[in-house]
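Everything on this sheet refers to the single structure shown next.
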Amino acid sequence: MDIKREDLLQLYYYLKLTRRLEDRATSLYHQGKILGGVWTSNGTEAVSVGYGYALEKNDIAAPYFRDMGVFLIRGITAKRIMAQYLGKKTGVTGGKEGNVHVGDLHFGVFGFPSHLTDNYPVGAGAALAFKMRGEKRVVAACTGDGGTSRGDFHEGMNIAAVRKLPIVFICNNNQYAYSTPLKLQMAIKNVAERALAYGMPSKIVDGNNVVEVYAAAKEAYEVARNGGGPTFIECKTMRMHGHSEHDSAKYVPRELLEEWKKKDPILYMETYLVGNQIAKKEELDSIDLRVKKEIEEAEVFAEESPYSEPEDVLKGLYATPVEE
Amino acid sequence: MDIKREDLLQLYYYLKLTRRLEDRATSLYHQGKILGGVWTSNGTEAVSVGYGYALEKNDIAAPYFRDMGVFLIRGITAKRIMAQYLGKKTGVTGGKEGNVHVGDLHFGVFGFPSHLTDNYPVGAGAALAFKMRGEKRVVAACTGDGGTSRGDFHEGMNIAAVRKLPIVFICNNNQYAYSTPLKLQMAIKNVAERALAYGMPSKIVDGNNVVEVYAAAKEAYEVARNGGGPTFIECKTMRMHGHSEHDSAKYVPRELLEEWKKKDPILYMETYLVGNQIAKKEELDSIDLRVKKEIEEAEVFAEESPYSEPEDVLKGLYATPVEE
Amino acid sequence: MKETTYLEAIKEALDEEMARDPDVFILGEDVGVYGGAFRVTEGLSEKYGEWRVFDTPLSESGFTGAAIGAALVGMRPVVEMQFADFVSCAFDQLVNVAAKNHYRWGAATPLVVRAPYGGNVHGGAFHSQCIEGFFFNVPGLKIVAPSTAYDAKGLLKAAIRDNDPVIYCEHKYLYRRIKDHIPEEDYAVPIGKARIAIEGNDVSIITYGAMVHTAIEAAQTLKESGVSCEIIDLRTILPLDRKSILTTVKKTNKVVVLHEQTKTGGVGAEISALISESCFDYLDGPIIRIAAPDTPVPYSAQMEEAFIPQPKDLITAVEKLMRY
Amino acid sequence: MKETTYLEAIKEALDEEMARDPDVFILGEDVGVYGGAFRVTEGLSEKYGEWRVFDTPLSESGFTGAAIGAALVGMRPVVEMQFADFVSCAFDQLVNVAAKNHYRWGAATPLVVRAPYGGNVHGGAFHSQCIEGFFFNVPGLKIVAPSTAYDAKGLLKAAIRDNDPVIYCEHKYLYRRIKDHIPEEDYAVPIGKARIAIEGNDVSIITYGAMVHTAIEAAQTLKESGVSCEIIDLRTILPLDRKSILTTVKKTNKVVVLHEQTKTGGVGAEISALISESCFDYLDGPIIRIAAPDTPVPYSAQMEEAFIPQPKDLITAVEKLMRY
Ligand SMILES: Cc1ncc(C[n+]2csc(CCOP(=O)(O)OP(=O)(O)O)c2C)c(N)n1
Ligand SMILES: Cc1ncc(C[n+]2csc(CCOP(=O)(O)OP(=O)(O)O)c2C)c(N)n1
Ligand SMILES: [Mg+2]
Ligand SMILES: [Mg+2]
């Protein structure tokens, strides 16, 4: 696949933006400024950036909680996300929800329900609507390796396969589900083998190579968009932080982390861009500077934003309120 | 596999007993004597008879609702079942439950919870207990083709595979789930392909050939009993009646029924036994006579049995009642 | 005005809403060509095509999730549970996704879940449950339960037009047993408004669903002995119509709450508590609840009759109250 | 007597019961080497081995079903939900299988489901729910909710020894915040018995879980203004200890019911209804409920504080009652 230089640089920008935003959230967490937990996609950013960037404007993302790249790419700004972390009124959910439990229909992003893989059937339903209405839109739904053990994975995959719905199922296989390694999660070698049960084509990609993720997703979206039905994409990667920022992840062998550190998706992309003379180091540095500034501004914005009022608790339960 | 003549005749007996019992229940239903629904295994009796007969005394069956053969083989008598249909006190559940929603731990039969495939994880749990305790017992859990689309199928199969539990999963693939044909249920050709998602070995057998079902189950039980882990067995057969006895099943093409009628499991077994000179026609007739008598007696017993008292409603909620 | 059964009224509502609004569609098991287990959707598939009356695989969580996803992108799905009891398999999607979408991230989920519920049909523990208790403590859902053909149609229309997830409890016992003269022209019954089924002065009977008819039967007998009952048919269970409840209590000063759902934690508890809280000073006697006992629904006719509240139980309660 | 936190008390109960009875085992996500998300099972895997502290795939329905199956063949499984919120994924297995086994077919299901529940921990809508409402209208289950370290240990022991399925609600907020001197020797706290946390004469505050501490705080303030509160700590929510409830009402004639669960359809409704029904003539004022409003649990500190009942809310209610 031929990818425009501009797109490659954007992919780099979003990798950086995701990393820096989550790094900053981690710091704020350790400073006690974020009251809830912080889960990052550290080390696996290429997954959400890759599949998120491959979507078209009118498509839908049904993400899970390590999909920061998707939020940013779709148009949920770093400011709103930072404010979200701090529980501010200007956050994506106005303080109603914390951290990554966000969504915004204006940008075609479904909210993430914490219950893992609930978004597979939900995503399939949006795809069903597109197919019924004859719209050339697709859905990308994502979950973790652990999330593939849930019943909703099975039911969502099956419905999509039976009806050839325009959806692509992504799996961020980062080797662990909290402390649970793959071998206690499934008795197969590749998560992608799960797709066999649905007669669904699958692909395995290097989840640390954003270009590969992007290309695979793009291709699968086009198949789906043209009536070819769903694809399952397993992105092999490695969670480099703990499950959340309070987890030291002692259960992960250090060697494994060492090994994967070399494959860091940002490093990888830098080498790729510079090595293939697509961009100069200085150009990347200037992108990084822009990112840094964006995050700083986001933080200031978030810090200066007001909190919601206690009475906001009672607002917004129903879309059609019932008169008393 | 070498099967003793005595066992072959028993298989025949149970096929007949199952058929006649369910036929009789169907008549009683049409006479208005059975208030709830009647679902039979008509045409698919070889599945439950085969896998049920292959179990050892201390094994556990976690059946579904077309498993009449299992109930009978394990020792739940035709009398008790007939009384169950009539909602009598002497029925398997004393009138608390209807028709096939039975179970009896004394005979190693788990109750069937109507919610399809709930018994897959439940069965896996019994197998887990056997493995933990080092007991050489196995579990057989069964569901329908439609039942394999449920989340509990996925979760139960996966847990059993990951921990190599001594359980065999049976699927009565009778081509339909109520009115829903296989092609609207799954996008694969064989239900057995579902097992690939768990790295679980599978077998496809002729579900109308009781000997084949029996042999496959027996073999899989031995693998499981000896630490080899679970197997999935797809029994290909055809539901010859409606979903339940009130359903005329107009949605099933007549030709399909004609085709499968020739493969009737009882006919098949008769031909097999007589053709291979294992038994004479007369011997089979005398078995049938015995079966007929047994069913007649069961009916008389059921008819003559009393109903439970209204106050029995309040009994038996808890195993450990809470003092007021 | 034409005479229409409860079941026909439901079908008419579906048919008319589908004709009016192309975004309305039906999904569930066997709803298509077969027309649903209770034949509520019969003929709709021929009329609207197999995509708008959509047969799903056997997977309640999956297709409920899919309905949610479709709703999020502008459709108005109506999910049919084959029996209300199976909604338990979709519990997570309803409680955590549908119910919380709007509050959490501002996305409307216009979804109707049709739940054929209730006993008196010899269905046993898995085909007779009242399921309102599952959802009654879940903010974000709405629950309606019509008792007449008029309301069955009007409430279903209102539910389909509502922008929130609505659990529509249709009582199986009423399907073909009651008829109303209902208008030819379009109408909807507003969600959140109770109705006075019978006006009276001495005692208020607050109820809903099939029990409205039980209350009417009891009220007729009571009238002969000079007791004038006011019967409130709640129509909407969540949120409750507080105003109607408090108005009748202020009028009669005596209350019996009646429901088929089991007693502990039932809707009756909330009604009783509401009254105690808000018009304690108007009460001339205890608030009596008549409800099913705290057990699963038993099967045999004798036991089921003892389980389900009968007119005589209500009469005894009212007579007791009248002595206050 | 030694000082023990609520969390340690839970762990001790698990440890001692596992040492006492080889049939007791733990299963859930990350309970093994990791010791559970809240570290409740820390060290137990090393002590009892990885089969008795059993890490499961990410599949609540599957492992709850498996626990049921193990229970049916004589084990005493203790399931850990990582957060109580995820029990919604196991709803069907608990409500339809575990709860109904004994009534339907006489099989005991000695099962404990540990549900770390409740708010005040900045968890947002999916990590803060009170889940007792999901199960409160389900006959066949038992629900307990300790408020002290003493009860946390004693009730867990009782739950493990009980032959019915028990939902054990452990409040996350209390884990490390409260301590008790608890006996060295073995003890159990009987299921179904409330306790008087503080004796008093003027008003009864009926509550459970973390709210007991809120009640105590309010009672201290109220004492200064001369109001003597009696605080009833329910300990068991299902079935309720009617005797203790009615006794305190008869003593003080005034009642406030307090819980963190959302108000509509909460446990408080049942308590209020019970009182109205059984000792209406003893009441000198309305039964007031103080509970969370009917919304999901909001995230930001300001909103969560407004959501969760505070001592001041209780004080206002009591003062209002005292004016009656
Ligand atoms: C149904 C459900 N059960 C439990 C959890 C708690 N939980 C949150 S993340 C997680 C591990 C997820 O692992 P995986 O799917 O591999 O995603 P990863 O965190 O590795 O990206 C668990 C158990 C949950 N969110 N949902
Ligand atoms: C979870 C659940 N949903 C719906 C039903 C209603 N129902 C009973 S049997 C049936 C079809 C089952 O099909 P299959 O699994 O193929 O078994 P078969 O009846 O063909 O033996 C359905 C939908 C059910 N029992 N459980
Ligand atoms: Mg993972
Ligand atoms: Mg079938």
Side-chain angles (χ1 to χ4, degrees), chain B residues 34-37 84 86-89 91 93-101 111-118 143-154 176-182 184-187 243-244 246-247 249-251 306-318, chain C residues 28-39 41 45 50 54-65 81-83 85-93 119-129 262 264 292-308 310:
Chain B
I34 294 176
L35 295 176
Q84 169 79 9
L86 298 185
K88 297 296 180 80
K89 197 177 180 111
T93 64
K96 287 243 184 79
E97 259 290 11
N99 44 68
V100 284
H101 294 95
F112 165 61
S114 199
H115 296 62
L116 274 166
T117 325
D118 280 9
T143 195
D145 44 291
T148 67
S149 296
R150 272 213 58 225
D152 276 28
F153 170 87
H154 182 67
Y176 281 85
Y178 209 144
S179 77
T180 307
L182 282 174
L184 291 182
Q185 193 70 246
M186 56 190 79
H243 167 68
S244 71
H246 79 272
D247 169 24
K250 292 212 193 85
Y251 48 83
Y307 289 106
S308 290
E309 303 300 321
E311 55 271 26
D312 290 332
V313 169
L314 299 178
K315 293 179 190 157
L317 182 67
Y318 288 129
Chain C
E29 292 149 6
D30 309 294
V31 294
V33 174
Y34 189 66
F38 294 100
R39 302 309 174 94
T41 59
S45 172
E50 64 157 334
F54 188 89
D55 273 328
T56 62
L58 207 164
S59 41
E60 282 74 9
S61 190
F63 64 71
T64 303
M81 292 291 155
Q82 196 153 82
F83 283 79
D85 309 67
F86 302 124
V87 79
S88 56
C89 300
F91 185 74
D92 171 51
Q93 285 283 355
N120 238 337
V121 295
H122 314 300
F126 295 127
H127 293 75
S128 309
Q129 290 176 76
T262 56
T264 296
D294 290 330
T295 71
V297 186
Y299 169 78
S300 79
Q302 295 72 13
M303 285 200 271
E304 191 174 15
E305 191 184 322
F307 176 86
I308 290 180
Q310 303 294 333

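Below, chains carry the letters A, B, ... as their sequence lines are ordered, and counting in each starts from 1. What you see below is based on every heavy atom in this structure, not just the backbone, and it leaves out hydrogens, waters and symmetry mates.
- Of the two parts of Glu309(B), only the backbone, made up of N, CA, C and O, holds a non-hydrogen atom closer than 4.5 Å to a non-hydrogen atom of chain C.
- Here Asp312(B) pairs with Lys89(B), Lys315(B) under the salt bridge (charged side-chain N to carboxylate O under 4.0 Å, His left out) rule; sequence neighbours left out.
- Annotation: maximal heavy-atom pairing with chain C below 4.5 Å, among Ala177(B), Gly91(B), Gly146(B), occurs at Gly146(B).
- Note that the OH atom of Tyr318(B) and the CG atom of Asp294(C) stand 8.0 Å from one another [nearest 0.5 Å].
- Contact tally against chain B (heavy-atom pairs below 4.5 Å) for Ser61(C), Ala125(C), Gly124(C): the top residue is Ala125(C).
- Contact annotation for Leu116(B): only side-chain heavy atoms (C-beta onward) come within less than 4.5 Å of a heavy atom of chain C.
- Taking every heavy atom of both residues into account, His127(C) and His101(B) meet most closely at CE1-NE2, 4.0 Å.
- The two residues Ser308(B) and Met303(C) make their nearest non-hydrogen contact at CB-CE, 3.6 Å.
- With no hydrogens or angles considered, no side-chain donor-acceptor pair links Thr180(B) and Asp55(C) at under 3.5 Å.
- Expressed to the nearest 0.5 Å, how far CG of Asp30(C) lies from NE2 of His243(B) amounts to 7.5 Å.
- By the salt bridge (charged side-chain N to carboxylate O under 4.0 Å, His left out) test, Glu50(C) is found to be paired with Arg163(A), residues two or more places apart in sequence or in another chain being considered.
- Residue Leu184(B) holds its CG atom at 8.0 Å from CZ of Phe54(C), rounded to the nearest 0.5 Å.
- Listed options Gly316(B), Gly37(B), Pro113(B), Gly144(B) were ranked by heavy-atom pairs under 4.5 angstrom with chain C; first place goes to Pro113(B).
- The aromatic rings of Phe86(C) and His115(B) stand perpendicular to each other, their planes meeting at an angle above 60°, with 30° marking the opposite boundary.
- Proximity of a side-chain donor or acceptor of Gln185(B) to a complementary backbone N or O of Leu58(C) within less than 3.5 Å is detected.
- With a 4.5 angstrom heavy-atom cutoff, Ser88(C) touches chain B only via side-chain atoms.
- Heavy-atom distances place the side chain of Glu60(C), and not its backbone, under 4.5 Å from chain B.
- To the nearest 0.5 angstrom, Gln302(C) atom CD is 8.5 Å from Lys88(B) atom NZ.
- Contacts of residues 147-154 of chain B with chain C at a heavy-atom distance below 4.5 Å involve Gly147(B), Ser149(B), Arg150(B), listed in sequence order.
- Atoms OG1 and OH, on Thr93(B) and Tyr299(C) in that order, are 9.0 Å from each other to the nearest 0.5 Å.
- In this structure the side chain of Ser300(C) never reaches within 4.5 angstrom of the side chain of Leu86(B), judged on heavy atoms.
- With sequence neighbours excluded, no residue forms a salt bridge (charged side-chain N to carboxylate O under 4.0 Å, His left out) with Lys250(B).
- Ser114(B) has its side chain out of reach of Asp85(C): every pair of non-hydrogen atoms, C-beta onward, lies at least 4.5 Å apart.
- Using a 4.5 Å cut-off between heavy atoms, Tyr251(B) touches chain C through its side chain atoms alone.
- Nearest heavy atoms, Phe112(B) versus Phe126(C): O-CE1, 3.9 Å.
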